[in-house]
Amino acid sequence: MDVTHLLNRVLEVWRTTTVPDGAGGEETTLVRQADVPAKVDQPAASDRLLAQQAGAAHTHDIYLQPDADVRRGDELRGGGQVFRVGYVVEPSAPVYRKAEAELTQRGD
């Protein structure tokens, strides 16, 4: 099963990276990694409840191609929205990846 035709938007992947600060130390910054095709959905109520019980926020499911380099802690940005990835899961057959994320910023 190919999910490419369902991925109806493009999101930027931003990852926290440590870089030298020029004075012998380091600072943390977000660096743009890539653009990935995606489909953004709201999770089922039961999934949101489970996340709340575990102390996590889960406002959106983001479906990606199986080889998309998206990891826990990444930010996915696009269309005026910013999502923070809580974790990424894959089905037993690698037909897609799903990032369970929290909407942290909404554009006007």
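Every heavy atom of this structure was used, including side-chain atoms; hydrogens, water molecules and symmetry mates were not. Note that the coordinates shown come from a computational prediction; the quantities given were computed from them, not determined experimentally.
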(request) Given side chain to side chain contact (heavy atoms under 4.5 Å, CB included), test E100 with V85 step by step and report yes or no. (result) CA-CA 6 Å; E100 297 191 1; V85 176; over 6 Å; no
(request) State whether the side chain of T18 and the backbone N or O of T28 hold a donor-acceptor pair below 3.5 Å, judged by distance alone. (result) no
(request) Measure across F83 and A101 and return the closest heavy-atom pair with its distance rounded to 0.1 Å. (result) CB-CB, 4.0 Å
(request) I would like to know whether K98 and V89 meet side chain to side chain contact (heavy atoms under 4.5 Å, CB included); could you show each step before the answer? (result) CA-CA 5 Å; K98 181 173 77 169; V89 295; 3.8 Å; yes
(request) For Y63 and L7, work out which heavy atoms get closest and say how close. (result) O-CD2, 3.4 Å
(request) Can you measure from CD (Q42) to OG1 (T59) and round to the nearest 0.5 angstrom? (result) 7.5 Å
(message) Distance check, rounded to the nearest 0.5 Å: L64 atom CG versus D69 atom CG?
(response) 10.5 Å
(message) As an exercise, state the distance from CG of D21 to CD of E27, rounded to the nearest 0.5 Å.
(response) 5.5 Å
(message) Distance check, rounded to the nearest 0.5 Å: T104 atom OG1 versus R77 atom CZ?
(response) 8.5 Å
(request) State which residue, out of R84, R15, Q33, R32, fulfils the side chain to side chain donor-acceptor pair (under 3.5 Å) condition with E75. (result) R84
(request) Would you kindly confirm whether V88 and V36 end up in one hydrophobic cluster when ILVMFWY residues are joined by side chain heavy atoms under 4.5 Å apart? (result) yes
(message) Please check this pair: side chain of T17 against backbone of L30, looking for a donor-acceptor N/O pair closer than 3.5 Å.
(response) no
(request) Evaluate whether atom CZ of R72 has more than 12 neighbouring non-hydrogen atoms of other residues, nucleotides or ligands under 6.0 angstrom away. (result) no
(request) Give a yes or no answer on whether the side chain of R97 reaches the backbone of V70 with a donor-acceptor pair at less than 3.5 Å. (result) yes
(request) Apply side chain to side chain contact (heavy atoms under 4.5 Å, CB included) to T4 and list each qualifying residue two or more places apart in sequence or on a separate chain. (result) D2, Q65
(message) Using every non-hydrogen atom in the two residues, find where D41 and K39 come nearest and quote the distance to one decimal.
(response) OD1-NZ, 2.6 Å
(message) Within the 4.5 Å heavy-atom criterion, are H60 and L103 side-chain neighbours or not?
(response) yes
(request) Verify the cluster assignment for I62 and V82: are they in a single hydrophobic cluster under the rule of side-chain heavy atoms below 4.5 Å apart? (result) no
(request) For the residue pair L76 and V13, establish whether any side-chain heavy-atom pair is separated by less than 4.5 Å. (result) yes
(request) Indicate whether the side chain of R9 and that of Q81 have a donor and an acceptor atom separated by less than 3.5 Å. (result) yes
(request) Answer whether the closest heavy-atom distance between the side chains of T16 and T29 falls below 4.5 Å. (result) no
